[in-house]
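Note sheet for the following structure.
Hydrogens, waters and symmetry mates are skipped; everything else that's a heavy atom, side chains included, is used. Note that this is a predicted model, so its numbers are computed, not measured.
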Amino acid sequence: MEQNGSEILGFIGLGVMGGPMCANLLKKSGRKVVAYDSVQAAADEAKSHGAEIADGVARVAEKADIVFLSLPSIDQVESVCEAILAAPRRPSLIVDMSTSNVSRTRALAERLKAEGIAFLDAPVARTKQAAVEGKLFISVGGAESDFARVVSYLNCMGSDVLHCGEVGSGQIVKILNNYMVFMTVNALSEAITIGRQAGMEAEKLLSLLSQGSADSFVLRNHGMKSLAKDDFPEKTFPMTYAIKDCSLALDLAKEGGFSPRIGAYTHDLMCRARDAGFALNYHPAVIQLIDGRVKVELPERV
């Protein structure tokens, strides 16, 4: 379905990340966007940016040529895709911008392909503020021709849009990107704890480390902006999200017959932080377990 020779876009999932992503798509793409979210407030926000609000998934499928998804997990992605398949009229391409299990993503892509619908996995990385500013990191898996069709739309939402290979490759890059972040946060938490115990203030320590070979994006962002300041707000990539993404990396390792030790330790630590009351806090809150402010029995060190 086209309007004035232009593709109509659909967007399903208007949450913390999906809401501002949809807003940027509306602002920059020059296309009509039909959106849906089960939360009315989220739908109303999208409407205020110019989206046409649908009353369900099937209605988005009936109107849109390309549908973007931003959902909590592969469970919801599969469910929404089944609803799209059941619709009277279907889009020709689905772009999943959620972070999802690799094997199930590939199986879903095959199912959709058999029904004549192309599929790209295009999970996003970086913060809510990056989503607002349109500066997300987007790693994409799927056919080159499908990527070429949507790259201009993805550029509306991200400053770094990479085609990573076949379906599932985007998920691999995103999952392992976050996996590395979680382990680095763990390492920085231990370094800060050791430094504080030896008499050095955390902000000064990280400022000095940033001038040496220990410097990294995580040190300058998660370290300086959160760990050193003991600032772990809610609704900013909470512990539960981090645990989910770390679990996806461990699942991927298990499928390949590998048993990672550092990642498993980090996952266990985050689970203990969740259970200690930090489920909704920004995930660097793990430092409060590491430095002993919260008394829990920590997993054995690797």
Side-chain angles (χ1 to χ4, degrees), residues 1-15 17-19 21-38 42-43 46-47 49-100 104-124 138 140-158 161 163 166-168 170-171:
M1 181 180 297
E2 296 188 350
Q3 185 180 50
N4 299 326
S6 298
E7 291 174 313
I8 295 177
L9 308 180
F11 206 105
I12 298 173
L14 304 167
M17 300 297 280
M21 287 159 61
C22 183
N24 276 314
L25 199 59
L26 282 157
K27 179 180 178 181
K28 302 174 185 178
S29 71
R31 300 288 188 261
K32 177 179 178 179
V33 178
V34 181
Y36 171 72
D37 195 285
S38 59
K47 184 177 181 179
H49 292 288
E52 176 184 321
I53 303 304
D55 59 6
V57 171
R59 194 64 174 161
V60 176
E62 289 173 21
K63 291 194 171 188
D65 301 292
I66 301 172
V67 175
F68 296 87
L69 309 179
S70 181
L71 300 167
S73 75
I74 189 64
D75 293 338
Q76 289 80 15
V77 172
E78 290 172 337
S79 177
V80 165
C81 286
E82 288 299 326
I84 289 174
L85 285 170
R89 186 261 180 200
R90 305 166 177 175
S92 57
L93 175 61
I94 294 174
V95 184
D96 177 24
M97 306 192 75
S98 321
T99 301
S100 299
R104 289 169 67 180
T105 290
R106 288 173 170 164
L108 177 61
E110 287 298 315
R111 168 150 170 67
L112 292 169
K113 181 179 179 181
E115 297 288 340
I117 302 175
F119 181 90
L120 292 171
D121 56 293
V124 303
I138 306 176
V140 187
E144 181 72 45
S145 58
D146 294 326
F147 175 73
R149 183 179 172 190
V150 302
V151 65
S152 64
Y153 303 137
L154 296 177
N155 283 329
C156 296
M157 299 177 274
V161 179
H163 185 231
E166 64 184 13
V167 168
Q171 296 293 354

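Within the 4.5 Å cutoff, side-chain heavy atoms of C81 are placed close to those of L69. The side-chain heavy atoms of E62 and P88, taken from C-beta on, include a pair separated by under 4.5 Å. Put simply, the side chain of L85 reaches to within 4.5 Å of the side chain of I117, judged on heavy atoms. With contacts defined as side-chain heavy-atom distances shorter than 4.5 Å, the pair R149/I66 qualifies. The closest side-chain heavy-atom distance from R106 to Q171 is not below 4.5 Å.
Atom NZ of K28 has more than 12 heavy atoms from other residues, nucleotides or ligands within 6.0 Å.
Taking the six-membered ring for Trp and thresholds of 30 and 60 degrees, F68 and F11 have nearly parallel ring planes, at less than 30 degrees apart.
With sequence neighbours excluded, no residue forms a salt bridge (charged side-chain N to carboxylate O under 4.0 Å, His left out) with E110. Residues satisfying the salt bridge (charged side-chain N to carboxylate O under 4.0 Å, His left out) criterion with E78, sequence neighbours excluded, are R104. Contacts of T105 classified as side-chain hydrogen bond (donor to acceptor under 3.5 Å, both in side chains), with partners at least two apart in sequence or in another chain: none. The ring pair (Phe, Tyr, Trp, His ring centres under 6.0 Å) check on F147 picks up H163, with sequence neighbours excluded. Taking the salt bridge (charged side-chain N to carboxylate O under 4.0 Å, His left out) definition, one finds that E115 meets it with R90, sequence neighbours left out. Taking N155 as the reference, nothing meets the side-chain hydrogen bond (donor to acceptor under 3.5 Å, both in side chains) condition, with sequence neighbours excluded.
Between E52 and the choices K32, K47, R59, the side-chain hydrogen bond (donor to acceptor under 3.5 Å, both in side chains) rule is met once, by K32. Test L112, V150, V67 against L93 for side chain to side chain contact (heavy atoms under 4.5 Å, CB included) and you get one pass: V150.
In this structure, C22 and A35 approach most closely via the heavy-atom pair SG-CB, 4.3 Å. Residues A87 and A61 approach most closely at CB-CB, 3.8 Å, considering heavy atoms. Scanning all heavy atoms of the two residues, the minimum distance from A64 to G10 falls at CB-N, 3.4 Å. Nearest approach of Y153 to S29, heavy atoms of both residues: CD2-CB, 4.0 Å. When all heavy atoms of A46 and L14 are compared, the pair lying nearest together is CB-CD1, 3.7 Å. Across all non-hydrogen atoms, the minimal contact from R89 to K63 is NH1-C, 3.9 Å.
The backbone N or O of G168 lies less than 3.5 Å from a partner atom in the side chain of D121, making a donor-acceptor pair. Using modelled atom types, one side-chain atom of D65 and one backbone atom of I8 make a donor-acceptor pair closer than 3.5 Å. Counting only distance, with no hydrogens or angles, the side chain of S73 and the backbone of D75 share a donor-acceptor pair below 3.5 Å.
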Steps toward side-chain contact (heavy atoms from CB on, under 4.5 Å) verdict (M21, V124): CA-CA 10 Å; M21 287 159 61; V124 303; 3.9 Å; yes
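The pair R31-E7 does not meet the salt-bridge criterion, since no charged nitrogen lies less than 4.0 angstrom from a carboxylate oxygen.
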